[in-house]
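Scroll down for the structure; my scribbles are underneath it.
Along the sequence shown, the residues carry numbers beginning at 1. Fair warning: this is a prediction, and the values are worked out from it, not measured in the lab.
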Amino acid sequence: MSDTGDKTTPTQRRTRIIDAVMEEGAMRIEDIAQRLEVSPVTVYRDLQALEDTGIMERIKGKVRMRASSTAELPPQIRRTRSPEEKARVAGAAAKLINPGDAIIIDDSSTLLPLLPQLKTITPLTIITNSLTVADTIRDWGEHELVVIGGRYQRWAHAFYGTLAVSQVKEIRADMCLMSDAAVWAGATYNPMDYVIDMKRAMISQATSRTLLLDSSKFARHAWQKTAPLSSFETIIVDATVTAAQRGELEESGATVLVAPGE
């Protein structure tokens, strides 16, 4: 099969491959190529990139996921999910940040649309464990960048582990902005122990805490509790959130802000 008519970017194709394999459980390369309407050679190249991140593997002629949830996907893949909703939530979050603040943000893809807006709020001290965030803002002259180091996790392009958590505990931030993999029963959840440790440390070291959620978080599942919703003073959601979901968030005692829709 020729790729002559294929106008998708590698990231878009890889996102479609991940979605297809998650849906089917395991797939042959030829079946993936047929679904995406590209050549097997193109699929092989994309799969090699996905295997290098550690989230996908080939066994007995079939491709399957190693990652157990979308929370473990690379940031450039995660950011393609619910992009419009994330952008609106980020826009509402930007209005809470003041010049001179020291803010700590994690590697959640929900936070990435916030970065261009931070450029106009000067000066800021931006503290993060995410190399995606650091790479974006490192040349912003009026902002101070503090990168939390530790064990590098390739899938997240971020630092985690005991050393990273110990560094966070030596920092005090005016605001923590974060997201998580899932929301259920009055708390946020994540499948990764070391991600939970980092998020909890960030929450503990900030004067105020803001949780950014797009409504897809209510449909996702992760088995370990990160933090109760009552840990956050402010929760920002997109306009597609249901009345029941908003009510669940408001029961936490947090101020719930609904980002405007189109």
Side-chain angles (χ1 to χ4, degrees), residues 11 74-161 163-180 194-195 197-214 227 231-238 255 257 259-260:
T11 297
Q76 66 271 25
I77 298 293
R78 281 180 280 147
R79 71 191 303 176
T80 65
R81 288 171 155 75
S82 306
E84 294 180 0
E85 290 83 357
K86 290 176 180 177
R88 295 186 186 111
V89 168
K95 296 177 181 178
L96 304 179
I97 303 169
N98 298 307
D101 281 349
I103 64 172
I104 186 166
I105 61 180
D106 66 5
D107 74 304
S108 301
S109 62
T110 307
L111 275 292
L112 296 180
L114 176 64
L115 300 184
Q117 301 181 64
L118 295 183
K119 191 172 185 178
T120 65
I121 307 171
T122 58
L124 289 175
T125 298
I126 301 173
I127 307 160
T128 186
N129 66 319
S130 167
L131 282 180
T132 301
V133 174
D135 288 342
T136 300
I137 69 175
R138 62 185 178 183
D139 296 324
W140 295 358
E142 296 186 59
H143 293 68
E144 183 171 7
L145 172 64
V146 179
V147 179
I148 299 161
R151 184 180 293 276
Y152 176 67
Q153 295 291 341
R154 193 185 334 173
W155 68 267
H157 198 42
F159 295 106
Y160 283 103
L163 180 59
V165 169
S166 68
Q167 291 179 34
V168 174
K169 291 182 177 179
E170 298 297 322
I171 292 170
R172 190 65 181 174
D174 295 302
M175 181 185 292
C176 168
L177 297 108
M178 60 169 280
S179 188
D180 212 344
Y194 55 83
V195 174
D197 290 342
M198 174 60 74
K199 291 181 186 293
R200 287 176 176 173
M202 288 180 169
I203 289 170
S204 71
Q205 297 306 114
T207 302
S208 68
R209 293 151 289 272
T210 297
L211 179 67
L212 283 68
L213 299 173
D214 65 82
S231 301
F232 303 92
E233 286 77 21
T234 307
I235 302 174
I236 305 175
V237 294
D238 67 78
T255 297
L257 303 178

The test is side chain to side chain contact (heavy atoms under 4.5 Å, CB included); show your working for Y194 and Q153 and say whether it passes. CA-CA 10 Å; Y194 55 83; Q153 295 291 341; 3.4 Å; yes
Between [X] (side chain) and [Y] (backbone), is there a donor-acceptor pair under 3.5 Å?
| X | Y | result |
| --- | --- | --- |
| Q205 | I171 | yes |
| S130 | V133 | yes |
| E233 | T210 | no |
| S208 | D174 | yes |

Would you call [X] and [Y] a side-chain contact if the rule is heavy atoms closer than 4.5 Å?
| X | Y | value |
| --- | --- | --- |
| L177 | L212 | yes |
| L118 | L124 | yes |
| T122 | W140 | no |
| I127 | I105 | no |
| L213 | E85 | no |
| L211 | I236 | no |
| S109 | K86 | yes |
| V195 | D197 | no |

Side chain to side chain contact (heavy atoms under 4.5 Å, CB included) between L145 and T128: does it pass, once the steps are laid out? CA-CA 8 Å; L145 172 64; T128 186; 4.2 Å; yes
Result block: side-chain N/O donor-acceptor pairs under 3.5 angstrom for residues 95-104, not counting sequence neighbours:
residue: D101; atom: OD2; partner: N98; partner atom: N; Å: 2.9

Would you check, one step at a time, whether the test side chain to side chain contact (heavy atoms under 4.5 Å, CB included) holds for Y152 with H157? CA-CA 7 Å; Y152 176 67; H157 198 42; 2.6 Å; yes
What's the shortest heavy-atom distance between [X] and [Y], and which atoms?
| X | Y | value |
| --- | --- | --- |
| S204 | R172 | O-NH1, 3.4 Å |
| Q117 | A87 | NE2-O, 4.3 Å |
| A227 | S231 | CB-OG, 3.8 Å |
| S179 | T110 | OG-OG1, 3.5 Å |
| M178 | D106 | CB-OD2, 3.4 Å |
| A94 | I121 | O-CD1, 3.7 Å |

Show every salt bridge (Lys or Arg N to Asp or Glu O under 4.0 Å) that has at least one partner inside residues 110-135, sequence neighbours left out.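 Checked against salt bridge (Lys or Arg N to Asp or Glu O under 4.0 Å) - neighbours excluded - the pairs reaching residues 110-135 are D135-R138.
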To the nearest 0.5 Å, tell me how far I235 CD1 sits from T255 OG1.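 If I round to the nearest 0.5 Å, the distance is 9.0 Å.
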Quick one: pull up CD in Q167 and CD1 in I148 and give me the separation to the nearest 0.5 Å.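 Answer rounded to 0.5 Å: 7.0 Å.
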Neighbour count above 12 (heavy atom, 6.0 Å) for R151 CZ: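 Open: at most 12 neighbouring heavy atoms sit under 6.0 Å from CZ of R151.
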Donor on one side chain, acceptor on other, S108 and K199, under 3.5 Å: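 Distance-only check passes for S108 and K199.
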For A158, all residues meeting side chain to side chain contact (heavy atoms under 4.5 Å, CB included), sequence neighbours excluded: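 For A158 the side chain to side chain contact (heavy atoms under 4.5 Å, CB included) partners, ignoring immediate neighbours, are D107, N129, A156, Y160.
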